[in-house]
Amino acid sequence: MRNTEDRVLTGDRPTGKLHLGHFAGSIQNRLKIQNGELKFKNPIEQIFYMVADVQALTDNADNPEKVRSSVLEVALDNLACGMNPKKTTMFIQSQVPEIAELTIFFLNLVTVSRLKQNPTVKTEIKQKGFGENVPAGFLAYPVSQAADILTFKANLIPVGEDQKPVIEQANELGAKFNSMYGETFSYITPLLPPKNSPESRMPGIDGKAKMSKSLGNAIFLADSEKEIEQKVMQMYTDPSHIHLADPGEVKGNVVFTYLDVFDPKKKEVAELKKQYKKGGLGDVVLKKRLAAVLNEMLMPIRERREELARNPKHIMDILEAGTKEARHTAKATLAEVREHMKIDYFG
Ligand code: TRP
C-alpha cells in the first residue's frame with residue numbers, strides 16, 4: 001500500500017486520430033498535471049500515458065492495421081499538444097504482458113451480469129450494434145482497464161465523464177482483490193472535467209450528444225485550417241433561427257457550446273449570447289469567430305504534429321523507452337500479486 005505519493009495514469013484507444021472531445025475531456029487535464037498546474041494533497045511520483053492497443057482490439061480484432069497505424073497517431077496527437085516524454089512515461093499496452101496477466105486474475109472477481117450492467121459498456125454495445133454478439137473481450141474491457149491502472153498502482157486517473165463507471169468498476173475489483181488476497185491496491189480517483197461543464201461532454205458538430213469518429217461528427221486535432229472552417233460552417237445551431245432578425249436559442253447550439261469552451265474572451269461571448277437571443281445576429285458571424293478561435297488554438301498543435309510526424313522512428317523510440325520503464329513497475333506489482341494469490345511457486 002502506498003498512500004504518501006500519487007501516481008497518475010491515462011490512456012487513449014488507438015482507433016484513429018484524436019479529436020476536440022478528447023482534447024477538452026482528458027488531454028488538457030493530463031497536461032495540466034504534467035506541468036504542475038493542478039495541485040494535489042500528495043506529490044506526484046510518476047505519470048504514465050498508455051496507448052491502449054489491446055483495448056482498441058476488443059472491438060477491432062478484424063482490423064489490426066488500423067490499430068497499428070493509430071498507435072503512432074495518438075502518440076503524435078499527445079506529443080503535439082505538449083506531452084513531454086521526459087515527464088510522462090509513454091508506453092504501449094500490449095507490450096506490457098503483466099497487464100494481461102492481472103486481467104486474467106481480475107476476471108475471476110467479477111460476474112458476467114455485473115459486466116453487462118456497466119452503463120458505459122451498455123451504451124457502446126448499443127452504438128456499435130453488437131447486441132448479444134458482443135465479443136467477450138469487449139464486454140470485459142473495464143476489467144482490463146482496471147488492470148491497466150492497478151498494474152501501475154496508479155490512483156489518479158484523468159478521464160472524460162463517460163469513463164466514470166469504468167473507474168468505479170476498477171475500484172470494485174481492487175477492493176475485491178484486497179478482501180480476498182490481502183491489502184494490495186489503493187483507491188482510484190477519476191479526475192474529471194468540472195461537473196456539467198461543456199468540457200465534460202463535447203457534442204459533435206451535428207449536435208449529437210457525443211463527438212465521435214465513428215459518428216462522423218468530429219473535429220480532429222490534425223484537421224487543416226480549411227477542414228476546420230468547413231466543419232464549423234456545417235455546425236448545428238438553432239434550426240428555427242432562419243432570418244437574421246429572429247431571436248435565436250443559445251442552449252443546445254453547438255457553436256455557443258464550443259465558444260464557451262475555447263473562446264478565451266468570455267465577456268464578448270456573453271455579449272454575443274445576449275444579442276443572439278434578442279435577434280439580429282447571424283450564424284455566419286459566429287461561425288467565423290469560432291473557426292478563427294479554433295484555428296488559433298490548433299495551429300501550433302498542427303505545426304508541431306507535422307514536424308514530429310516526419311520522424312516516426314523517433315516516436316517509436318520514445319514509446320519503446322517508456323515501455324521498458326513501465327514494465328519495471330509492472331513486474332514489481334505482479335510479483336506482489338502472485339505472492340498474495342499464493343501462485344509464487346518458484347520464489
Ligand atoms: N477507455 C479509455 C477511453 O476510451 C482509454 C483507456 C484505456 C484508459 N485504459 C485506460 C484511460 C486506463 C484511463 C486509464 O478513453
Side-chain angles (χ1 to χ4, degrees), residues 6-31 33-34 46-60 67 70-71 73-75 77-78 83 88-96 98-100 102-103 106 115 118-125 127-128 137-171 173-174 185 188-193 199-202 210-215 218 221 322-323 326 329-330 333:
D6 289 331
R7 276 189 204 164
V8 179
L9 185 140
T10 58
D12 294 308
R13 291 181 196 176
T15 55
K17 294 187 170 109
L18 301 179
H19 53 61
L20 283 179
H22 297 112
F23 185 74
S26 57
I27 295 179
Q28 279 186 318
N29 249 348
R30 62 178 73 141
L31 294 175
I33 297 173
Q34 175 194 272
Q46 194 166 5
I47 304 173
F48 293 97
Y49 168 74
M50 183 180 69
V51 184
D53 61 339
V54 174
Q55 188 173 116
L57 285 163
T58 60
D59 65 327
N60 288 282
V67 174
S70 302
V71 168
E73 301 292 350
V74 300
D77 282 324
N78 278 278
M83 190 167 280
T88 299
T89 307
M90 300 175 73
F91 70 96
I92 304 182
Q93 184 185 19
S94 62
Q95 305 308 299
V96 183
E98 289 76 14
I99 301 174
L102 187 58
T103 303
F106 279 170
L115 289 171
N118 185 306
T120 306
V121 178
K122 256 169 127 173
T123 312
E124 285 171 318
I125 288 175
Q127 246 177 30
K128 295 173 198 287
F138 187 81
L139 189 65
Y141 91 71
V143 178
S144 133
Q145 189 159 327
D148 295 341
I149 296 165
L150 294 174
T151 294
F152 301 93
K153 298 204 172 184
N155 62 326
L156 298 178
I157 315 296
V159 280
E161 173 81 25
D162 65 313
Q163 292 290 302
K164 216 171 130 188
V166 180
I167 305 299
E168 261 166 43
Q169 213 175 340
N171 272 322
L173 284 160
F185 299 116
I188 306 166
T189 310
L191 300 173
L192 308 166
E199 285 91 339
S200 63
R201 266 177 212 267
M202 290 296 289
K210 197 179 164 179
M211 179 177 284
S212 125
K213 180 173 140 59
S214 50
L215 295 173
L221 297 174
T323 302
T329 309
T333 305

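Everything numeric in this text was worked out from a predicted model, so none of it was measured. Counting convention: from 1, in listed order, for ligands and their atoms alike.
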Report, in ascending order of atom number, the atoms of ligand 1 lying under 4.0 Å from any heavy atom of Val159. 11 (C), 13 (C)
Who's closest to atom 1 (N) of ligand 1 heavy-atom-wise, of Arg13, Met50, Gln55, Glu124? Gln55
Closest approach of Ile33 and Pro158, non-hydrogen atoms and distance? CD1-CG, 3.7 Å
Using atom types as modelled and distance alone, determine if a side-chain donor or acceptor of Gln93 lies under 3.5 Å from a backbone N or O of Val54. yes
Do the charged groups of Glu73 and Lys213 touch, with an N to O distance under 4.0 Å? no
Gln93 and ligand 1 - part of the residue with a heavy-atom distance under 4.0 Å: neither
Counting heavy atoms under 4.0 Å, the part of His22 that contacts ligand 1 is neither
Protein contact of atom 2 (C) of ligand 1 - nearest heavy atom, named by residue and atom, plus distance: Gln163 OE1, 3.4 Å
Can you tell me the protein heavy atom closest to atom 8 (C) of ligand 1 and the distance? Gln145 NE2, 3.5 Å
When you measure from atom 14 (C) of ligand 1 to each heavy atom in Leu9, Ile188, Asp148, Ile99, which option holds the nearest one? Leu9
When Asp53, Thr323, Ile99 are each screened for side chain to side chain contact (heavy atoms under 4.5 Å, CB included) with Ser94, the one that passes is Asp53
Euclidean distance, Thr189 OG1 relative to Asn171 CG, rounded to 0.5 Å: 7.5 Å
Top protein contact for atom 5 (C) of ligand 1, by heavy-atom distance: Gly11 O, 3.5 Å
Here the atoms of ligand 1 under 4.0 Å from any heavy atom belonging to Ile157 are 13 (C), 14 (C)
Using every non-hydrogen atom in the two residues, find where Thr151 and Thr333 come nearest and quote the distance to one decimal. O-OG1, 2.7 Å
Atoms of ligand 1 under 4.0 Å from any heavy atom of Ala52, numbered from 1 in the order shown, are 7 (C)
Test your reading of the model: is there a side-chain donor-acceptor pair from Arg7 to the backbone of Phe152, 3.5 Å cut-off? yes
